[in-house]
Number of protein chains: 2
Amino acid sequence: MPTGPAKNGRRRPTRTAGPAKRQADYLSQTRREHAHEIAEDYVEAIADLAAEAGQARVVGLARRLGVTHVTVIRTIARLKKAGFVTAQPYRGISLTDEGCALAAMCKNRHETVAAFLRSLGIPEQVAEMDAEGIEHHVSPETLAAFKACLRKPRP
Amino acid sequence: MPTGPAKNGRRRPTRTAGPAKRQADYLSQTRREHAHEIAEDYVEAIADLAAEAGQARVVGLARRLGVTHVTVIRTIARLKKAGFVTAQPYRGISLTDEGCALAAMCKNRHETVAAFLRSLGIPEQVAEMDAEGIEHHVSPETLAAFKACLRKPRP
DNA sequence: CATGGACGGTAGCCATGGCTACATTATTGC
DNA sequence: GCAATAATGTAGCCATGGCTACCGTCCATG
């Protein structure tokens, strides 16, 4: 039972229409992006492992991503359905052309973000850590601005 | 059935120990942060609604956050357990002191990130959109660097 | 003062992304 | 060639964060 009468403006004509709607869209978009983040981390890790060990394997991915091999297997299944990787049971994991392109884009973007942060005087480790989280939310416009800043550093 | 013998270096002594471990930690950390992101978005929205309408209500939050009122109710329950908000059924939602502090920090951080992006020449709307995603991953060091850049803009 | 419609809440579904525990397959070393 | 071990895969659990459908509350207004 409620403890008393609510005399708050319940029937107010909402009034938070314009800007609130826009922010809602931004937030929805950000949430949608989150689905891609994992895929990006995976294809990047697969590309790296393939480059350094000749082939990406489940345990290697698990170690690199900080999850159990079970999680890797399940996520790989999704990436397979999404067309980013190919994999047969007990064999290594390979990127499709699409996956390769995504990995290359991610690697480039990650490098740019990390370099930009370092150029602001942020310590290596912190820059790397922040880049890991930031990179997935950097639009092409912002990425271009970062690159421009790196090209002509402040005096 | 596998289509043939795998002659890949399975028994290699892992060799991806040092840097891979570090990256795994970074990624784990980023994943952990994700749990906080929602809380941050909520307390910020609650603070805004309280400021502009006198009280935060479920439907208002739902509109602002771009989700259904059901999602809001469930998340509020979690935030309540976490000690960020207080709420009784059919009453408005209020921030605890802790929630208030978090909201203030988030608002400040969001403003800083958005202003920094705008200072790089990124269009208002894009800056706002990117800030929404980036803000949750900005460490204190990086935030300080952004603020420093804003204080003395490039000539 | 009754009631309609907005608001708030519950039940139950789905997908994702973790996990442990257990089973299966490949490789390797004896 | 066979056993041990590491890698891979399966089953099933939990939490989170969406959703729809439906039901309950409340209060402004006729």
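All values below were derived from every heavy atom in this structure, side-chain atoms included, with hydrogens, water molecules and symmetry-related copies excluded. Throughout, a chain's letter reflects where its sequence line sits, starting with A, and its residues are numbered from 1.
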Extract from the structure each pairing of a protein N or O with an N or O of nucleotides 18-21 of chain D at less than 3.5 Å, listing the distance.
residue, atom, partner, partner atom, Å
D/dG18, OP1, A/R31, NE, 3.1
D/dG18, N7, B/R74, NH2, 2.4
D/dG18, O6, B/R74, NH1, 3.4
D/dG18, O6, B/R74, NH2, 3.3
D/dC19, OP2, B/T68, N, 2.9
D/dC19, OP2, B/T68, OG1, 3.1
D/dC19, OP2, B/T71, OG1, 3.1

Can you tell me the distance, in whole Å, between the [atom1] atom of [X] and the [atom2] atom of [N]?
{"X": "B/R63", "N": "C/dA6", "atom1": "CZ", "atom2": "P", "answer": "11 Å"}
{"X": "B/Q88", "N": "D/dC26", "atom1": "CD", "atom2": "C1'", "answer": "16 Å"}
{"X": "B/R78", "N": "D/dC14", "atom1": "CZ", "atom2": "P", "answer": "17 Å"}
{"X": "B/R32", "N": "D/dT16", "atom1": "CZ", "atom2": "P", "answer": "15 Å"}
{"X": "A/D41", "N": "C/dT16", "atom1": "CG", "atom2": "P", "answer": "16 Å"}
{"X": "A/I73", "N": "D/dA7", "atom1": "CD1", "atom2": "C1'", "answer": "9 Å"}
{"X": "B/R91", "N": "D/dC26", "atom1": "CZ", "atom2": "C1'", "answer": "12 Å"}
{"X": "A/K80", "N": "D/dG9", "atom1": "NZ", "atom2": "C1'", "answer": "12 Å"}

Is it the case that the side chains of A/T71 and A/R74 hold a donor-acceptor pair, with the cut-off being a distance below 3.5 Å and no angle test?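 A/R74 vs A/T71: no donor-acceptor pair found between side chains.
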
By ring-ring contact (aromatic ring centres under 6.0 Å, His included), B/H34 pairs with (sequence neighbours left out) A/H34

Of C/dT25, C/dT16, D/dT25, the nucleotide closest to the side chain of B/Y90 is D/dT25

Taking side chain as C-beta onward, heavy atoms only, is A/K21 less than 4.5 Å from B/R64?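 A side-chain contact under 4.5 Å is absent here.
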
- [ ] If the plane angle is over 60° it's perpendicular, under 30° parallel, otherwise tilted; pick one for B/F116 and A/F116.
- [x]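 It falls in the tilted class, 30° to 60°.
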
Taking the side chain from A/T142 and the backbone from A/V138, do they hold a donor-acceptor pair closer than 3.5 Å?
no

- Go through the structure and list residues passing side chain to side chain donor-acceptor pair (under 3.5 Å) with B/E33, not counting sequence neighbours.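 Per chain and number, B/E33 pairs via side chain to side chain donor-acceptor pair (under 3.5 Å) with B/H137.
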
